[in-house]
S.K.: 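Pasting a structure here, questions to come.
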Amino acid sequence: MDPTNHRPEEYGHDHGGTGHDGAARPPRPRDPLTPDFGQPAPALARTVRLVSGDFLLTVNPVDGSEIEPCPPGERPARPAKRTADERADLRRAAAPPVPPGPALPRLPLLERQEERERLVRLLARGRSVRLTGPAGSGRTALLDAVADDCAGLAPDGVVRLCGYRKTPGELLHDLFAAVHHAPLYRPERSQLLELVHDIGAVVILDDLEFGGAGLDELLDATPECAFLLSTTPDVAAPSPDSRLEEVFLAGLGRGSTLELLERAVGRVLDDEEANWAGDLWFESEGLPLRFVQAGALLRQRDQLRADPHAFAENGYSLQTSTDAPFDAPSDDGDTDIPLPSLADGAAPAALLASRLSPSARDTLKFAVALGGELPHQAHLPALVGDTHADAALAELVGCALVTAVGSRYRLAAGVRPQLEASGYADEAAEYARTAAQHYAWWAGHPSVTPERVAAEADAVQAALAALVTSESGAAVLLARTAAPAFAGGLHWGAWERALRSGQEAARNAGEVAEEAYFHHELGILALCGGLLDRARAELEASIGLRGALADKRGMISGRRALALVADRSGGTPPGGRTAAGEEVPDARHEESASPSGGAPAAFTPTEPPTEPVTLVAGTAAVPGAGPAPSRRSILSGTRRNLVAAGAGALLAAVLGTVVTLGATSDNDRPEHDRVKTEQSAREDRDDGGLSADEPPEDSTSRPRDPGEDGVVGTADDPKPSASGAPSSRPSASGDPSGKPTDEPTDKPTGKPTGEPTDKPTDKPTDKPTDKPTDKPTDKPTDPPTTPPTNPPTTQAPPSSPNTSTSASGPAGSPPAA
């Protein structure tokens, strides 16, 4: 636009615009502001919708998870079992990653043939076996061989599970997921037991960490499975009734250890090396892991003999004595490198690590800081700061410093204490903080699936555990990011541990909002698990904290979940909340408070009515002598329905009782003493009650003077006046009209007497009948829209000021049951 020619579009009135020549021109597009500031568009929060039992759970990492009853259309069908090909693909995906570089030689399984055949024979008979051996005895290698031999024994094949840090419930869910194809579905306890009961498979369970009752629970839930359990001697023994076969795995013999050492080195040992291996066998009790590590020491020695500076680029310098330089060549052209000492052979981790690359040593420092958990090789370049750091895994596996545990690696048995003694734990806090920051960024990235985060759960939890007390802020950030991913990945054991670690860290850091989030998530988790008391406590704590922070959205989410807890528990939760999660209002000063559990049961007449009685009130008819509404039906509505239904039911019962008693007494009343259809009810504005229109004297009025004989109803009684108007004067006998006589009646009176009294009274009588009755007329003209203004009271509890006196509750609400 020409700056000297101000046109309307400059001020936002461009309606197509024209150029300097008058021709129409299109409007100019507005330049985006994002590239100017270099800020990327905010990513959407990653939410996951899954079904847990009969709940629909929406994992929301922003405000907290939402839970609701699963609609019928979204309930998954019964999970189908996987085929053999699908199980094979799943087994390959669950295997530990292959280290980069050339493939390592596969070591033979020595002196295990007898145990191997026995295990296969017992599993083929359907027996479960517990294989016990010390760490480093080669239990995992034996399990691999047995799994290959049992491939065709069971209809559901062979299932490999890892029991490291797993509970019996988590292992049952892992078994269900390995056999059934059920994405985004986690069955509840009863459904889980029903599904795993029909699984017929050979279950190879490595690194089991429990026994006793927990093991009995696992075995009882899967009667069609044959288990091969691998444990260490320090694990609790099974119960005597478990009927498990016990197989103990000992160390190798001296000849087998020499053969294993030669396979690990790749050549035949000389006499000096053989004698050294014999001493090592006596020291290590023949554990195969020690000889695999000793073979790595001998390979490094061979490299140094060929080139004394072979590890110089790794920062390792060969230290030699002044009287015997190692750089002097020997007769065969190799440098004379002495054998490692026996202490280095028994604890070789420090010496092996000193000759590794800097990336491999940094990886070991991360593993020590994370409690022995090794990060996945894909994370090593970002953690170490070297683009080729993923190759460090091959070095560590080749030196047997790490071993496979399930689908990941961790430090081998005894390696962590040896590295800590060598100074690898001096900067553990800094390495743990770096790992926590990296995992917090990675777990919250939209491109990372929850399944990938769940696979890295052990390393993430180790970083959390290391920073809960020292670096609470970093721990809160990591738990806040990783916990929703664990939930979406169906790794709920890790989800619970992350939530509890995050809750403790938030409390230490004083972050109230984050602490409320963790309370809310723990309540949702407990609700899905059927732990209603724990869920109620966690949700109420979350609602209280969020109320202090004026977090309205969080309070609404918590109250919805609390309503489900109240619905499942079948009563009003503590704290005066209804099933909808709302608080019951306080009682007024002139009325007593309603009980928290609802209105009391309606009063039932002692004498059943002789004819059915119907009360028409509002829009619904409530039987007067019917059963009281059940507790569950009262709690199913909102607060207004709760109080209105209770008050309406009590009112219906009371009115039904009065009408019933009136109808019963009316049957025995003389014909001339009954109320006729000419009567109608009208409201007396003076006293607030209902009175009857005065009927004609010849139809309903009674003679007031008993006559000379003193008996009402005889021939000498005076006749009523022709006008039929009631008399306002006292009777001649001085008796008030409301005074009962000696005439026998079935209706009880307030003060019966056997004979009339002659005592005059000064109080006139304004009504022609002895006692007004509340019985409605036989043919009412129009049914009343509301109950009587002042009904008879029988200690009915007061209703809420916001409720109607109609038995059907407020307008728009369903009638009470």
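Just so we're clear, the structure is a prediction, and the values are computed from it rather than from any experiment. Computed from heavy atoms alone, side chains included, the values below leave out hydrogens, waters and symmetry copies.
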S.K.: Can you name the side chain to side chain donor-acceptor pair (under 3.5 Å) partners of Asn275, sequence neighbours left out?
M.R.: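 Side chain to side chain donor-acceptor pair (under 3.5 Å) check on Asn275 returns nothing, list empty.
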S.K.: Evaluate whether atom CD of Gln113 has more than 12 neighbouring non-hydrogen atoms of other residues, nucleotides or ligands under 6.0 angstrom away.
M.R.: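 Buried by this count: over 12 neighbours within 6.0 Å.
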S.K.: Show me the pairs that pass ring-ring contact (aromatic ring centres under 6.0 Å, His included) and involve residues 246-294, at least two apart or across chains.
M.R.: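 Residue pairs with at least one partner in residues 246-294: there are none.
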S.K.: Would you sort out whether Tyr424 and Arg361 count as a side-chain contact (heavy atoms from CB on, under 4.5 Å), showing the intermediate values?
M.R.: CA-CA 9 Å; Tyr424 279 78; Arg361 291 198 297 271; 3.5 Å; yes
S.K.: Can I get a per-line list of side-chain donor-acceptor pairs under 3.5 Å for residues 98-105, giving both atom names and the distance, sequence neighbours left out?
M.R.:
none

S.K.: If only atom types and distance count, is the side chain of Ser256 paired as donor or acceptor with the main-chain N or O of Gly253 below 3.5 Å?
M.R.: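 Pair absent, no side-chain N/O of Ser256 close to backbone of Gly253.
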S.K.: Pairs of donor and acceptor atoms involving the side chains of residues 382-407, under 3.5 Å and at least two apart or interchain, shall be tabulated with distances.
M.R.:
| residue | atom | partner | partner atom | Å |
| --- | --- | --- | --- | --- |
| Asp386 | OD1 | His388 | N | 3.2 |
| Asp386 | OD2 | Ser359 | OG | 2.9 |
| Glu395 | OE1 | Ser357 | N | 3.3 |
| Glu395 | OE1 | Ser357 | OG | 3.4 |
| Glu395 | OE2 | Ser357 | OG | 2.7 |

S.K.: Scan residues 102-123 for pairs that pass ring-ring contact (aromatic ring centres under 6.0 Å, His included), counting only residues two or more places apart or in two chains.
M.R.: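 Pairs touching residues 102-123 that pass the test: none.
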S.K.: Heavy-atom distance under 4.5 Å between the side chains of Thr481 and Leu477, does that happen here?
M.R.: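 They are in side-chain contact.
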S.K.: With a 4.5 Å cut-off on side-chain heavy atoms, are Val460 and Leu478 touching?
M.R.: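 Side-chain contact under 4.5 Å: yes.
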S.K.: Does the plane of the ring in Tyr439 sit parallel, tilted or perpendicular to the ring in Trp442? Use 30° and 60° as the thresholds.
M.R.: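 Answer is perpendicular, since the angle exceeds 60°.
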S.K.: Could you check whether any side-chain heavy atom of Leu261 comes within less than 4.5 Å of a side-chain heavy atom of Glu273, counting everything from C-beta outward?
M.R.: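 No, every pair of side-chain atoms sits at 4.5 Å or beyond.
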S.K.: Can you give me every donor-acceptor pair (side chain of residues 227-238, partner residue at least two apart or in another chain, under 3.5 Å) with its distance?
M.R.:
| residue | atom | partner | partner atom | Å |
| --- | --- | --- | --- | --- |
| Ser230 | OG | Arg139 | NH1 | 2.5 |
| Ser230 | OG | Asp206 | OD1 | 3.1 |
| Thr232 | OG1 | Asp234 | OD1 | 2.3 |

S.K.: Could you list the residues that satisfy salt bridge (Lys or Arg N to Asp or Glu O under 4.0 Å) with Glu430, not counting sequence neighbours?
M.R.: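 With sequence neighbours excluded, Glu430 shows a salt bridge (Lys or Arg N to Asp or Glu O under 4.0 Å) to Arg433, given in chain and number order.
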S.K.: Dump the intermediate steps for salt bridge (charged side-chain N to carboxylate O under 4.0 Å, His left out) on Arg452 and Glu456, then the final yes or no.
M.R.: CA-CA 7 Å; Arg452 292 178 59 189; Glu456 199 72 6; over 6 Å; no
S.K.: Could you work out, with side-chain contact (heavy atoms from CB on, under 4.5 Å) as the rule, every residue matching Leu297, not counting sequence neighbours?
M.R.: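 Applying side-chain contact (heavy atoms from CB on, under 4.5 Å) to Leu297 gives Gln300, Pro340, Pro348, Leu351, Leu352.
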S.K.: For Asp302, give me all partners under side-chain contact (heavy atoms from CB on, under 4.5 Å), at least two apart in sequence or on another chain.
M.R.: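 Listed in chain order: Val265, Arg267, Arg305.
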S.K.: Enumerate the side-chain hydrogen bond (donor to acceptor under 3.5 Å, both in side chains) contacts for residues 365-378, please, sequence neighbours excluded, ordered by first and then second residue.
M.R.: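 Every pair satisfying side-chain hydrogen bond (donor to acceptor under 3.5 Å, both in side chains) with a residue in residues 365-378: Tyr164-Glu373, Glu373-Arg410.
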S.K.: Please check: side-chain N/O of Arg299 versus main-chain N/O of Ala264, any donor-acceptor pairing under 3.5 Å?
M.R.: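 Yes.
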S.K.: Can you list everything that forms a salt bridge (Lys or Arg N to Asp or Glu O under 4.0 Å) with Glu209? Sequence neighbours excluded, please.
M.R.: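 By the salt bridge (Lys or Arg N to Asp or Glu O under 4.0 Å) rule, Glu209 matches no residue at all.
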S.K.: Is there a side-chain contact between Arg82 and Asp89, using heavy atoms and a 4.5 Å cut-off?
M.R.: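 Side chain of Arg82 against side chain of Asp89, heavy atoms only: no contact under 4.5 Å found.
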S.K.: Under 3.5 Å, is there a donor-acceptor pair between the side chain of Tyr409 and the main chain of Pro97?
M.R.: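 Checking the backbone N and O of Pro97 against the side chain of Tyr409, a donor-acceptor pair under 3.5 Å is found.
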S.K.: What distance separates His379 NE2 from His438 NE2, expressed to the nearest 0.5 Å?
M.R.: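 Output value for this atom pair is 5.0 Å.
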S.K.: Any side-chain heavy atom of Leu131 within less than 4.5 Å of one from Leu143?
M.R.: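 Leu131 reaches Leu143 side chain to side chain.
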S.K.: Asp149 and side-chain contact (heavy atoms from CB on, under 4.5 Å): which single residue from Leu123, Leu119, Val120 fits?
M.R.: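 Of Leu123, Leu119, Val120, side-chain contact (heavy atoms from CB on, under 4.5 Å) with Asp149 is met by Val120 alone.
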S.K.: Please report the C-alpha distance between Glu496 and Arg500 in whole Å, then the side-chain angles of each, then the deciding distance to 0.1 Å, and finally whether the salt bridge (charged side-chain N to carboxylate O under 4.0 Å, His left out) criterion is met.
M.R.: CA-CA 6 Å; Glu496 181 178 4; Arg500 298 202 178 279; 3.5 Å; yes
S.K.: Walk me through it: do Val203 and Thr222 pass the test side-chain contact (heavy atoms from CB on, under 4.5 Å)?
M.R.: CA-CA 10 Å; Val203 183; Thr222 55; over 6 Å; no
S.K.: Please list, chain by chain and in numerical order, all residues satisfying salt bridge (Lys or Arg N to Asp or Glu O under 4.0 Å) with Asp207, sequence neighbours excluded.
M.R.: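 Partners of Asp207 under the salt bridge (Lys or Arg N to Asp or Glu O under 4.0 Å) test: none.
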S.K.: Please report the interatomic distance CD(Glu285) to OG1(Thr257), rounded to the nearest 0.5 Å.
M.R.: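 Result: 13.0 Å between the selected atoms.
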S.K.: Could you check Leu219 against Arg243 for side-chain contact (heavy atoms from CB on, under 4.5 Å), going step by step and ending with a plain yes or no?
M.R.: CA-CA 10 Å; Leu219 297 177; Arg243 299 188 300 274; over 6 Å; no
